[in-house]
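Let me begin by presenting the structure, written as structure tokens, before commenting on it.
All ligand and atom numbering here is 1-based and tracks the order in the structure.
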Amino acid sequence: MLQAESIFKSFGSHDVLKGVSLKVARGEVVTLIGASGSGKSTFLRCMNLLETPKDGFIDICGHRFSFAAAQRPPKDNQLAALRRDVGMVFQHFNLFPHMTVLANVMEGPVQARGTPVAEAKELAMDLLAKVGLSEKADAHPARLSGGQKQRVAIARALAMKPQVMLFDEPTSALDPELVGEVLNVIRSLAAEGMTMVLVTHEMAFAADVSSRVGFMNDGVMAEIGAPGDILRHPSNERLKAFLNRFH
Ligand code: ADP
Ligand code: MG
């Protein structure tokens, strides 16, 4: 479903990704952990081409991009096709503040997929029910808690019927008591077989929901494997030191 091969990315002279590879099969949930600045967000952003890698190869839902020096940059229509299939949820929810919750969720299907309004509305109401927010359909984002906003952001991403979902620290900006409601939505997506790559510092959740856990350190995928091996029996010294911070 997703393959990233030897991804390199630099900002100026700062080499942020130094040949990161990841393969994710359909229905897998891969969690990425690692210290702040290790390149997790940049790697996720490279996967849906919010950042353009300097070198490497990406195949995500059959959208294939090669970034060796001689390659042409991806075209806008190729990027749009990719982003229809890949949903992304960020730490900050980025909802449209002037639009109702329902309108936020309908926007993608209507604008990017050309879905008829009535159909988009039905889909959006189904998704709001799924994330437990039917009664907030007509509210504006400013009236919602952080956890509710993030659940709307997830519903909005799902409205595009993505094949893969990327989550970048979806609960890091939330008050602790609101984290669980968002994790529960993600957990239900995992149970339905959604293919996901998730950056999180919620280690118990990662242990519970992940098919595999990858540890990023200083721009490389230092370790990747079954959650039990990575989280409970780490061999890598950097990983041990990282995990010790959570105990
Ligand atoms: P993580 O998500 O693991 O905390 P990031 O991918 O956000 O790490 O960042 C990795 C490194 O790349 C950091 O040193 C960060 O400052 C740098 N970086 C990220 N985005 C940019 C950017 N747009 N311009 C310059 N430097 C950046
Ligand atoms: Mg980050």
Side-chain angles (χ1 to χ4, degrees), residues 2-24 29-58 60 65 67 73-74 79 82-83 86-95 146-147 149-150 153-154 157 164-176 178-179 182-183 185-186 196-207 209-210 212-225 227 230-231 234 236-246:
L2 185 166
Q3 180 179 6
E5 184 77 39
S6 293
I7 299 299
F8 286 80
K9 176 70 185 175
S10 305
F11 294 105
S13 61
H14 183 189
D15 299 328
V16 172
L17 299 179
K18 306 168 186 171
V20 182
S21 299
L22 177 67
K23 260 188 186 178
V24 182
V29 178
V30 174
T31 304
L32 301 179
I33 61 172
S36 175
S38 58
K40 306 178 299 298
S41 294
T42 303
F43 183 53
L44 271 197
R45 292 167 62 80
C46 282
M47 280 197 261
N48 74 347
L49 272 68
L50 288 174
E51 304 286 356
T52 306
K54 182 168 75 176
D55 200 357
F57 169 80
I58 284 173
I60 186 160
F65 299 91
F67 302 101
L79 292 179
L82 165 92
R83 297 208 183 114
V86 182
M88 187 151 178
V89 173
F90 303 88
Q91 183 173 345
H92 298 284
F93 330 108
N94 309 317
L95 298 177
K149 283 183 203 167
Q150 193 58 300
I154 294 171
V164 173
M165 285 284 285
L166 308 176
F167 290 88
D168 192 0
E169 300 199 32
T171 62
S172 292
L174 301 179
D175 292 336
L178 303 178
V179 167
V182 172
L183 294 183
V185 169
I186 299 172
M196 299 195 273
V197 182
L198 171 75
V199 175
T200 187
H201 294 294
E202 297 289 334
M203 294 301 158
F205 179 74
V209 81
S210 308
R212 284 179 297 145
V213 176
F215 171 58
M216 286 190 66
N217 185 61
D218 197 18
V220 301
M221 191 74 74
E223 203 85 2
I224 185 161
I230 299 294
L231 298 172
N236 182 304
E237 290 304 322
R238 300 269 190 142
L239 173 55
K240 277 186 197 172
F242 174 73
L243 290 172
N244 275 334
R245 294 188 217 162
F246 293 88

Heavy atoms only: which of Asp15, Asp168, Val16 lies closest to atom 11 (C) of ligand 1? Val16
Atom CG of Asn236 and atom CD of Glu223: how far apart are they, to the nearest 0.5 Å? 4.5 Å
Just checking, any donor-acceptor pair under 3.5 angstrom between side chains of Asn217 and Ser38? no
Does a side-chain heavy-atom distance below 4.5 Å link Cys46 with Leu17? yes
For ligand 1, find out whether one of its N or O atoms is nearer than 3.5 Å to an N or O atom of Gly39. yes
Nearest-option assignment for atom 2 (O) of ligand 1, heavy atoms, candidates Ser10, Ser41, Cys46: Ser41
Using a heavy-atom cut-off of under 4.0 Å, does the side chain or the backbone of Thr42 touch ligand 1, or both, or neither? both
Quick look: His14 vs ligand 1, heavy-atom contacts under 4.0 Å, and the answer is side chain
Is the closest N or O pair between Glu51 and ligand 1 shorter than 3.5 Å? no
Check: Glu169 and Val199 side chains under 4.5 Å, non-hydrogen atoms: yes
Atom 10 (C) of ligand 1: which of Gly219, Ser36, Gly37, Gly12 has the nearest heavy atom? Gly37
Would you say the side chain of Met203 lies within less than 4.5 Å of the side chain of Leu231, judging by non-hydrogen atoms? yes
Any heavy atom of Gly34 closer to ligand 1 than 4.0 angstrom? no
Tell me whether atom 16 (O) of ligand 1 lies less than 4.0 Å from at least one protein heavy-atom position. no
Within less than 2.8 Å of the Mg ion (ligand 2), any N, O or S from Gln91? no
